[in-house]
Amino acid sequence: DEAIHSDSWCVRYKADLEDKYTRRLSITTELKRALISQQNELSMVYQPKIDLQTMKVCSMEALIRWNNSVLGFVPPDEFITIAEQAGLIEQVTSWVMKQTISDLAYFREKGYGFTVAMNLSTQDIQNKVLLTKLVSLLTEEGLSPEALELEITESDLVADASLAIENLNELTARGFHFAIDDFGTGYSSLAYLKNLPVKTIKIDKSFILSLASDENDQQIVRTVLSLANVFNLKVVAEGVEDAASLDILKEWGCDIVQGYYISRPLSCADLESWLQNTPFGE
Ligand code: C2E
Ligand code: MG
Ligand code: MG
Ligand code: MG
């Protein structure tokens, strides 16, 4: 009986591995194609961030979307990781930069003053070619680096500090602003961040989603907020899904909120009508 059991476990395990391998392979193949095709498979959506002091939009986070005819919707968490491993992230980020900066120029032309926040992955912060491209894209559009925020994940920085930090310092000197994303999920402390040219931290949504009901999350968030205050860091809470959480964050002195309670990420067209109808509009 046990033999049969362990045998079927083996078969099952092998099948799972094959599934994973096949999926990874089709994502790699399809993504390569999407990056050069004219099918508009890739797009950017924008999620508003609200300044809790003014209760108005201050920024938009740019998030990539991928709809593929074979694979359907592929979540960014999944394909970004695979792109990093398959050597495709430079191409993905190039595409994101081009689209985001062109959208940012459009928003500015329409008279909106909010900044746009773009996500970078570890390899991007070490890629001089990509960072030079970023600067020239902004220049071409007549935009200053202050119009853009760059979000980098906490764990990425800790993993490969030296070169990343050198590049962060250089870009900061040029006027770029960095935010630490998913704060609380890595191993760094706020004291460590003090040595980095970082002005903003984004508390990971895992601590915010149940904030109104979870006392552990409340402890964590309160601690992060008071330490951030000591170190003069701006705090964004992502994953705000209800009014109760927003009220708590406001009361505790959080600076900025982002989440489904305000708005889901929106296409450019949907964003324009949202901006015209929301009480959070500029
Ligand atoms: P992130 O940068 O931490 O982005 C926030 C994620 O939280 C987004 O997921 C957003 O849709 C989601 N979110 C926002 N508010 C709420 C909420 O109230 N409730 C819940 N449950 N979720 C909320 P998304 O768009 O699926 O992106 C996932 C991750 O993929 C991002 O996490 C980021 O790490 C990565 N990513 C997305 N776009 C890009 C990109 O253009 N470049 C790079 N390098 N990474 C990207
Ligand atoms: Mg982000
Ligand atoms: Mg995050
Ligand atoms: Mg993330």
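One-based numbering, in listed order, for ligands and for the atoms of each. All values below come from the heavy atoms of this structure, side chains included, with hydrogens, waters and symmetry mates left out.
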Quiz item: Going by atom types alone, do Glu90 and Gln123 pair a side-chain donor with an acceptor below 3.5 Å?
Solution: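 Not at all, the side chains of Glu90 and Gln123 share no donor-acceptor pair under 3.5 Å.
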
Quiz item: With distance as the sole criterion, is a donor-acceptor pair present between the side chains of Lys128 and Asn167 under 3.5 Å?
Solution: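 Yes, because at least one side-chain N or O of Lys128 sits under 3.5 Å from a partner of the opposite role on Asn167.
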
Enumerated ligand 1 atoms positioned under 4.0 Å from heavy atoms of [X]:
{"X": "Asp182", "answer": "3 (O)"}
{"X": "Val96", "answer": "41 (O)"}
{"X": "Glu241", "answer": "17 (C), 18 (O), 19 (N), 20 (C), 21 (N)"}
{"X": "Pro265", "answer": "11 (O)"}
{"X": "Asp181", "answer": "1 (P), 2 (O), 3 (O)"}

Quiz item: Is there a heavy atom of Leu209 sitting under 4.0 angstrom from any atom of ligand 1?
Solution: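 Yes, that is the case, since the closest heavy atom of the residue is under 4.0 Å from the ligand.
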
Quiz prompt | Proximity flag Pro75 to ligand 1, non-hydrogen atoms under 4.0 Å | solution =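 It does not; every heavy atom stays at 4.0 Å or beyond.
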
Self-check item: Atom name, Asp181 (N, O or S, nearest to the Mg ion (ligand 2))
Solution: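 Looking only at N, O and S atoms of Asp181, the one nearest the Mg ion (ligand 2) is named OD2.
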
Practice problem: Dump the intermediate steps for salt bridge (charged side-chain N to carboxylate O under 4.0 Å, His left out) on Arg33 and Glu41, then the final yes or no. | Solution: CA-CA 10 Å; Arg33 233 189 16 72; Glu41 284 181 44; 3.3 Å; yes

Practice problem: Using the six-membered ring wherever Trp is involved, compare the ring planes of Phe280 and Trp274 and label them parallel, tilted or perpendicular (cut-offs 30° and 60°). | Solution: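 Taking Trp274 first and then Phe280, their aromatic rings lie parallel (interplane angle under 30°).
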
Practice problem: Could you confirm whether Asp182 has any N/O/S atom lying under 2.8 Å from the Mg ion (ligand 3)? | Solution: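 Looking at Asp182, which is the residue asked about, there is an N, O or S atom under 2.8 Å from the Mg ion (ligand 3).
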
Quiz item: Is the distance from the Mg ion (ligand 3) to the nearest N/O/S atom of Glu151 under 2.8 Å?
Solution: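 No, since none of the N, O or S atoms of Glu151 sits under 2.8 Å from the Mg ion (ligand 3).
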
Quiz item: When you draw lines from the Mg ion (ligand 2) to OD1 of Asn119 and to OE2 of Glu61, what angle lies between them, to the nearest 10°?
Solution: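 Seen from the Mg ion (ligand 2), OD1 and OE2 are separated by roughly 90°.
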
Closest by any non-hydrogen atom to [atom]: pick that one out of [options].
{"atom": "atom 25 (O) of ligand 1", "options": "Glu61, Arg65, Met44", "answer": "Arg65"}
{"atom": "atom 37 (C) of ligand 1", "options": "Ala237, Pro76, Ser121", "answer": "Pro76"}
{"atom": "atom 15 (N) of ligand 1", "options": "Gln258, Glu238, Gln47, Glu151", "answer": "Gln47"}
{"atom": "atom 35 (C) of ligand 1", "options": "Asp77, Thr93, Ile64, Thr81", "answer": "Asp77"}

Closer than 3.5 angstrom, by distance alone: can the side chain of [X] be matched with the main-chain N or O of [Y] as a donor-acceptor pair?
{"X": "Arg108", "Y": "Asp103", "result": "no"}
{"X": "Asp182", "Y": "Thr185", "result": "no"}
{"X": "Lys49", "Y": "Val116", "result": "no"}

Quiz item: Among the clusters formed by ILVMFWY side chains lying less than 4.5 Å apart, do Val240 and Leu63 turn up in the same one?
Solution: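 Different hydrophobic clusters.
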
Practice problem: Return yes or no for this condition: an N or O of Asp124 is under 3.5 Å from an N or O of ligand 1. | Solution: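 No, no N or O pair falls under 3.5 Å.
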
Practice problem: Start with the C-alpha distance between Glu146 and Arg174, add both sets of side-chain angles, then the distance that settles salt bridge (charged side-chain N to carboxylate O under 4.0 Å, His left out), and finish with yes or no. | Solution: CA-CA 9 Å; Glu146 284 84 4; Arg174 283 177 180 269; over 6 Å; no

Quiz item: Does Lys202 pair with Glu238 as a salt bridge, N-O distance under 4.0 Å?
Solution: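 Looking at Glu238 together with Lys202, the answer is yes, because their closest N to O distance falls below 4.0 Å.
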
Practice problem: Taking the Mg ion (ligand 3) as the reference point, name the nearest N/O/S atom of Glu238. | Solution: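 For Glu238, the N, O or S atom at the smallest distance from the Mg ion (ligand 3) is OE2.
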
Quiz item: Does NZ or CZ of Arg24 fall inside the cone over Tyr21's six-membered ring, less than 6.0 Å from its centre and within 45° of the axis?
Solution: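 Pair Arg24/Tyr21 does not count as cation-pi.
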
